[in-house]
Amino acid sequence: MDQNDISDDTNKFVNGAVDHKGRPVLRSKSGCWRSACFIIGVEVAERFAYYGISSNLITYLTGPLGQSMAPAAENVNIWSGTALLLPLVGAFIADAFLGRYLTVIIASLLYILALACLAFSTWIPSNCKHATDGSSCSPKIQVIVFFISLYLVAFAQGGHKPCVQAFGADQFDAEDPQELKSKRSFFNWWFFGLCAGPRVGIFVVSCIQDKLSWGLGYGIPCVIMGFALLIFLFGTMTYRFGEKTQGKNAFARIGHVFVTAARNRRVKLLEISPEVGASGRIPHQDSQQFRFLNKALVSSGEDGPVCSADDVEEAKAVLRLIPIWFSCLGYGIVFSQTSTFFTKQGATMDRSIGSTFKIPPATLQSFIGLSALILIPIYDTILVPVTRTVTSIPSGITMLQRIGTWIFLSTFTMVVAAVVESKRLKTAREYGLVDDRSATVLMKIWWLIPQYLLAGADNVFTVVGMQEFFYDQMPSDLKSIGLALYLSVMGIGSFLSSFIISIVEKTTGENGQDGWISDNLNQGHIDHFYYLLAGIGVGAFMMFICASKFYVYNGERGN
């Protein structure tokens, strides 16, 4: 047989991938955008459901459930943080046991159940108007069912979010030049798809929740998730699945490296080279960071087999991500404000359109997606090619440059929000509305649009950059964990935001006086809180610069 024929025949199949029946998968009939479209569909529905809950959650807590302002904001942040940390659990289950495909199906079924229970909880009768002691005045059974359902949504999202995106990226073969090019665009266009559908959903669902029924507002996402699961299942025959290996899973390999290195902690690094050289296990030369892990290359006799150089490099790759992860937390704190105080600001302003209709304040979160819808095509089709000609980097700029630029600019978002809030407070004082918590400040809600648009721009560059970075730089068997790491940045950011709110409330509201964060926003100073967050953002950016300076990309794939 001619050598070219052999090469062509080999190229028909995707290396390391199988179909749903475990057979070698044909490149021409599987993967790429034909599969990604089904996967994006179920993710759009999940985001529709998630934002249908989160975007207006603070309104439900301070309205039908009767919680006061600060506890409601803390509850939103704690729930958001939990929802964004649980992907670490879901990704671990997927990568170590179930696989991404099965995890997505189970998580989707749990999502549907949780949304149904959430809708049911809103139908439990309540005569609640407002609580003054920070607790809910709704019937206890309603509060219990609501929060159990809410955290079931968080748990379902934890299994769904990292696995769907990693499974979508898996549909592109990094060893094929054409598919690799598509894979580089996948994260941009994935985020584009997630902005288009859910932002329309935020507007529609928020209007239904505010004007018609909270039960209906939670029930619609439940139905949409059901249809999306069916769509995902329809694409099964086109999907590429990772071929199962017979060796240890990545968690066991990396864990063995740390255990062996700790066991050999008294071994001097100078003693490693002769033994490793004789066994053929020579550490990679592209990274001498965390050299103490090289001690795992030395056999400790009866304590088990020595680790391979590849195993050690995988462990180093994971360890290198930790400083970057920590330095991104400042951005997570800043972004958590878009679903809490941004929304409450809007609720106090003039929301009228025409003579009768009032726009729900949560719908302005749609401008975050609008900003992304505008910027992603510009970035992918114009900015990347232009910067590529200057830097000779395929992606235009490195992933860390992309993240860092907009971590810095996210502080500008907080400054703009603070300036607008200062103007809102000044207007309230001018019209004598400071003591009237239910009064409408004579200032149009459209003043908030710039801060929402800036938050959307931050998303395009920082969030998408983190998605690509943590997916690309993790070992191949831990891609779901990589995406869960980026989500955990937002989750920990929400927890830290809740902690900061609690501290600010206690330190600025002394002797029975309202502090920066008050149930009556006109008597508070959210603008001071925003300036505080801007300062935190500057500090986080300085940390990011230091962490990035010493980061070594795996195999130079980051360039």
Side-chain angles (χ1 to χ4, degrees), residues 32-34 36-37 39-41 43-44 47 165 168-169 171-174 176-200 202 324 328 331 334-335 338 364-413 415-416 449-473 483 486 537 541 544-545 548 551 553 556-559:
C32 294
W33 292 109
R34 69 171 65 83
C37 289
I39 299 169
I40 288 175
E43 179 67 358
V44 168
R47 291 292 85 187
Q165 189 168 9
Q171 305 307 308
F172 300 89
D173 181 13
D176 181 82
Q178 193 61 38
E179 291 194 27
L180 178 60
K181 183 179 178 181
S182 297
K183 191 172 187 175
R184 290 188 180 278
S185 294
F186 169 76
F187 288 98
N188 288 329
W189 292 104
W190 171 273
F191 193 73
F192 181 89
L194 298 195
C195 290
R199 298 308 164 182
V200 174
I202 287 174
I324 300 295
C328 290
Y331 175 78
V334 169
F335 188 74
T338 60
L364 259 67
Q365 293 179 44
S366 298
F367 283 95
I368 296 175
L370 178 62
S371 178
L373 292 175
I374 294 171
L375 288 175
I376 286 175
I378 294 174
Y379 178 81
D380 200 63
T381 61
I382 299 176
L383 292 181
V384 169
V386 169
T387 53
R388 184 186 296 146
T389 60
V390 177
T391 63
S392 299
I393 299 174
S395 57
I397 57 176
T398 66
M399 290 175 281
L400 290 178
Q401 288 171 343
R402 178 175 182 173
I403 296 169
T405 300
W406 290 88
I407 284 181
F408 175 74
L409 292 178
S410 68
T411 63
F412 184 61
T413 303
V415 172
V416 171
I449 289 179
Q451 64 201 58
Y452 278 109
L453 290 177
L454 285 170
D458 296 339
N459 253 345
V460 170
F461 293 93
T462 305
V463 174
V464 179
M466 284 193 294
Q467 288 175 358
E468 185 178 0
F469 174 76
F470 285 111
Y471 177 88
D472 184 79
Q473 296 297 296
L483 289 171
Y486 115 75
F541 174 71
F544 182 85
I545 291 296
S548 299
Y551 187 80
Y553 286 99
E556 297 302 316
R557 288 195 307 272
N559 291 334

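- Atom CZ in F544 sits 4.5 Å away from atom CG in L400 (nearest 0.5 Å).
- In terms of modelled atom types and a separation under 3.5 Å, the side chain of S548 and the main chain of I545 share no donor-acceptor contact.
- When all heavy atoms of I39 and G168 are compared, the closest pair comes out as CD1-CA, 3.8 Å.
- Residues I403 and F469 form a side-chain contact, since some pair of their non-hydrogen atoms from C-beta on lies under 4.5 Å apart.
- Counting heavy atoms from C-beta outward, M399 and Q473 have side chains that approach closer than 4.5 Å.
- Applying the side chain to side chain donor-acceptor pair (under 3.5 Å) test to Q171 and every residue at least two apart in sequence or in another chain returns nothing.
- Atoms CD1 and CZ, from I40 and R47 in turn, are 14.0 Å apart once rounded to the nearest 0.5 Å.
- In this structure T413 satisfies the side chain to side chain donor-acceptor pair (under 3.5 Å) test together with D458, sequence neighbours excluded.
- Enclosure of atom OH in Y551 by more than 12 non-hydrogen atoms of other residues, nucleotides or ligands within 6.0 angstrom is indicated.
- The only member of V415, V416, L409 that meets side-chain contact (heavy atoms from CB on, under 4.5 Å) when paired with L454 is V416.
- For Y331 against A455, the heavy-atom pair with the smallest separation is OH-O, 4.4 Å.
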